[in-house]
Amino acid sequence: MNDKSRFVQKITPKSTDFSKWYVEIIRKAELADYAPMKGMMVIRPYGYAVWEHIKNHLDKKIKETGHKNAYFPLFIPESFLQKETEHLEGFSPEVAWVTHGGEDELEERLAVRPTSEAIIGHMYSKWINSYRDLPVLINQWANIVRWEKVTRPFLRTAEFLWQEGHTAHETSQEAEEETQKMLSVYKEFIENELAISLISGLKSEREKFAGASATYCVEALMSDKKALQMGTSHFLGQHFSKVFDVKFEDRNQELQYVWQTSWGVTTRMVGALVMVHGDDSGLCFPPRVAPVQVIIVPISVGDWKKTVLPHAEKVKKKLENKGFRVELDDREQFTPGWKFSEWEMKGVPLRLEIGPRDIENNNVVLVRRDNRKKQVVSQDQMIEKGHEILDDIQKSMLNASLKFREDNTHEVNHYSEFQAIMKSKMGFVKTLWCGNPDCEAHIKEDTKATIRVIASEKEKGSCVYCDKDAHLVVYFARAY
RNA sequence: CGGGACGUGGCGCAGUCUGGUAGCGCACAGCGUUCGGGACGCUGGGGCCGUGGGUUCGAAUCCCACCGUCCCGACCA
């Protein structure tokens, strides 16, 4: 058996057509399916389970950092959206409008929320009177709608699920700190749980959130060497508090506008998991967010339902009791080989085979999804080994992602190099920028690459495009 | 929203050029033999050919419009 014959045959190879590969995996692994409305999808149970793990974990982190969950309405009056001009201009092309209630035309159109700054600003103005009311630290888990023209499952759909935090603070500095704090919560979460290596920093003026003073974000490199924004944290300054009149009496009995932040991550992260870790055999989930961590495949020989299955069930119970997310594939219409391929496609990190030979020797066979290494371990060591292997998979997946990112980050000084890289190698280009939006725009026109982040480090040199003095270290890439 | 390609059982496709009432592989169901890397045999079910108009005795096939998907651009989590 050669390596190729082990691959799941029915998925278009990544190298042949990345987009096709991506979409096929999502449908064949039953993460999601197209809904009959343009740009909309159904997140199927297997895909939703991934989101639930992301959500549960992040929810805990958000609460640990002092935030409380709440829920704001789906609809936002048009006049609210209009208050912050930049905000409105940023979102107006993709807002879905409700114009009728039953048969009656509404006096004022209602936007289906593309984000909730407006309605939340309005409510905060009612709730906040004094510095004693601050900070306000609220998060909501919600769906939002953005009427996108070009859509792809998980990466960009007309409706998606997310978490949006909205906070109000006494001082600019406190709000800045909150912005940074949540960015680092995202960074830790994405690296530790999703095993995806990131770069982080500030967005340029042209890429920042409509209505923010500053947008920070975390970006990852997908395996086709395009960048994907995975989380954003905005310092809103007083833009929204001024237009929604969110005032408080400060410690000197003077009226002041609050300083705000907002931050969010979306179901897009599920798409990132596919694009970062998947291979030609299908998905490959990091153990911490895998819906199923261990799949038990009983080797069905002879009267296996009587001879093998009871042992497999016992093994399942043992693992479950130790906190593994485990399933037993006892379907009789499939051969073990078929099941191996199927669960590989579904990205289950660890497969446990148990057959007559193993039962006789009190063993089980463990096979990891990430490198397909197979080992025989005794049933007494199974739990310990299982934990060990899952931890190791988690670690080595992050390392692989880190190495991939480093290998595909190219430091350049000259524009000709920049262009050459964007033509062939892709990935991140790390370089210097003078800060002029015109240079940024020209680069985009030439290479399709945009500034993904402005790094926090500073350096002296000259702008990669115009040669003028520059001190901003920036990462460019083509992006989703 | 511009340029291109494609829509035929669940999936992948042939048939369209040259109009004559739909076929293949996989999947699915039943039975039997199998089962340590996608088993095999036999039997069976399922499609008014994306939607709506038009041309014609007759349309999957020709014409028009619309919708959807994918790729390439402009816009975005």
Side-chain angles (χ1 to χ4, degrees), chain A residues 1-12 17-24 27-28 33-41 89-95 114-115 144-164 186 203 206-210 215 217-219 227-234 263-272 281-282 297-305 308 331-345 351-359 363-365 367 372 374 376 444-445 448 450 478-480:
Chain A
M1 172 186 53
N2 62 33
D3 275 354
K4 279 219 168 95
S5 72
R6 307 167 116 179
F7 290 158
V8 175
Q9 300 297 325
K10 289 176 183 166
I11 300 175
T12 303
D17 185 340
F18 192 85
S19 302
K20 209 171 175 188
W21 168 83
Y22 175 76
V23 171
E24 280 181 13
R27 300 188 74 182
K28 289 190 169 143
D33 200 0
Y34 289 109
M37 303 79 75
K38 183 179 165 57
M40 302 210 170
M41 66 170 182
E89 282 171 6
F91 282 104
S92 66
E94 50 196 49
V95 171
T115 179
I144 60 177
V145 169
R146 297 185 187 173
W147 215 258
E148 298 285 352
K149 285 160 188 150
V150 179
T151 58
R152 303 181 86 187
F154 289 111
L155 301 181
R156 176 162 298 107
T157 46
E159 180 189 9
F160 57 92
L161 306 182
W162 79 347
Q163 146 283 309
E164 51 179 326
Y186 290 155
K203 280 292 185 200
R206 114 179 229 138
E207 300 279 330
K208 76 164 201 204
F209 176 74
T215 290
C217 71
V218 284
E219 297 258 340
L228 184 74
Q229 179 173 310
M230 302 216 27
T232 50
S233 186
H234 314 293
W263 26 272
V265 297
T266 75
T267 35
R268 172 182 267 191
M269 291 205 283
V270 179
S281 297
V297 179
I299 303 305
S300 38
V301 185
D303 198 6
W304 66 279
K305 288 228 157 182
V308 179
R331 293 174 296 177
E332 44 187 42
Q333 70 268 40
F334 298 114
T335 63
W338 196 97
K339 292 176 184 175
F340 297 167
S341 299
E342 162 128 321
W343 291 106
E344 245 164 57
M345 184 177 71
R351 178 173 80 235
L352 187 153
E353 301 170 18
I354 181 162
R357 281 208 305 264
D358 307 307
I359 291 162
N363 288 336
V364 295
V365 177
V367 187
R372 288 193 171 81
K374 191 182 265 200
V376 181
K444 184 174 184 191
E445 218 169 283
K448 295 179 204 159
T450 51
R478 286 196 206 160
Y480 275 97

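As the structure is a prediction and not an experimental result, all values here were calculated from the model. Here is the naming used below: chain letters follow the sequence lines, and residue numbers restart at 1 for every chain.
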Any residue meeting side chain to side chain contact (heavy atoms under 4.5 Å, CB included) with [X], in chain and number order, not counting sequence neighbours:
X        : result
A:Leu155 : A:Tyr22, A:Arg152, A:Leu228, A:Arg268, A:Met275, A:Tyr480
A:Glu159 : A:Asn143, A:Val145
A:Thr450 : A:Glu207, A:Lys444, A:Arg452, A:Ala479
A:Val376 : A:Asn363, A:Val365

What protein N or O atoms touch nucleotides 67-70 of chain B N or O atoms at under 3.5 angstrom, if any, and at what distances?
{"from": "B:U69", "atom 1": "OP1", "to": "A:Gly39", "atom 2": "N", "distance (Å)": "3.3"}
{"from": "B:U69", "atom 1": "OP2", "to": "A:Lys38", "atom 2": "NZ", "distance (Å)": "3.2"}
{"from": "B:C70", "atom 1": "OP1", "to": "A:Tyr34", "atom 2": "OH", "distance (Å)": "2.8"}

State which residues pass ring pair (Phe, Tyr, Trp, His ring centres under 6.0 Å) with A:Phe91; sequence neighbours excluded, sorted by chain then number. A:His87, A:Phe209

Using ring pair (Phe, Tyr, Trp, His ring centres under 6.0 Å) as the criterion, list what pairs up with A:Phe18, not counting sequence neighbours. A:Trp21

Quick one: list whatever passes salt bridge (Lys or Arg N to Asp or Glu O under 4.0 Å) with A:Lys203, sequence neighbours left out. A:Glu219

Just to verify, what does A:Arg351 make a salt bridge (Lys or Arg N to Asp or Glu O under 4.0 Å) with, not counting sequence neighbours? A:Glu344, A:Glu353

Are there any protein N/O atoms within less than 3.5 Å of an N/O atom in nucleotides 4-6 of chain B, and if so, which ones and at what distance?
none

Rounded to whole angstrom units, what separation is found between the CH2 atom of A:Trp343 and the C1' atom of B:G36? 19 Å

side-chain N/O A:Arg206 vs B:C75 OP1/OP2, d < 4.0 Å: yes

Check: B:G37 base within 3.5 Å donor-acceptor of A:Arg351 side chain: yes

Residues in side chain to side chain donor-acceptor pair (under 3.5 Å) with A:Gln333, at least two apart? none

A:Phe154 near the nucleic acid: base, sugar-phosphate alone, or nothing, with a heavy-atom cut-off under 4.0 Å? base

For nucleotides 39-43 of chain B, list the nitrogen or oxygen atoms of the protein found under 3.5 Å from its nitrogen or oxygen atoms, one pair per line.
{"from": "B:A39", "atom 1": "OP1", "to": "A:Thr335", "atom 2": "OG1", "distance (Å)": "3.4"}
{"from": "B:A39", "atom 1": "OP2", "to": "A:Thr335", "atom 2": "OG1", "distance (Å)": "2.9"}

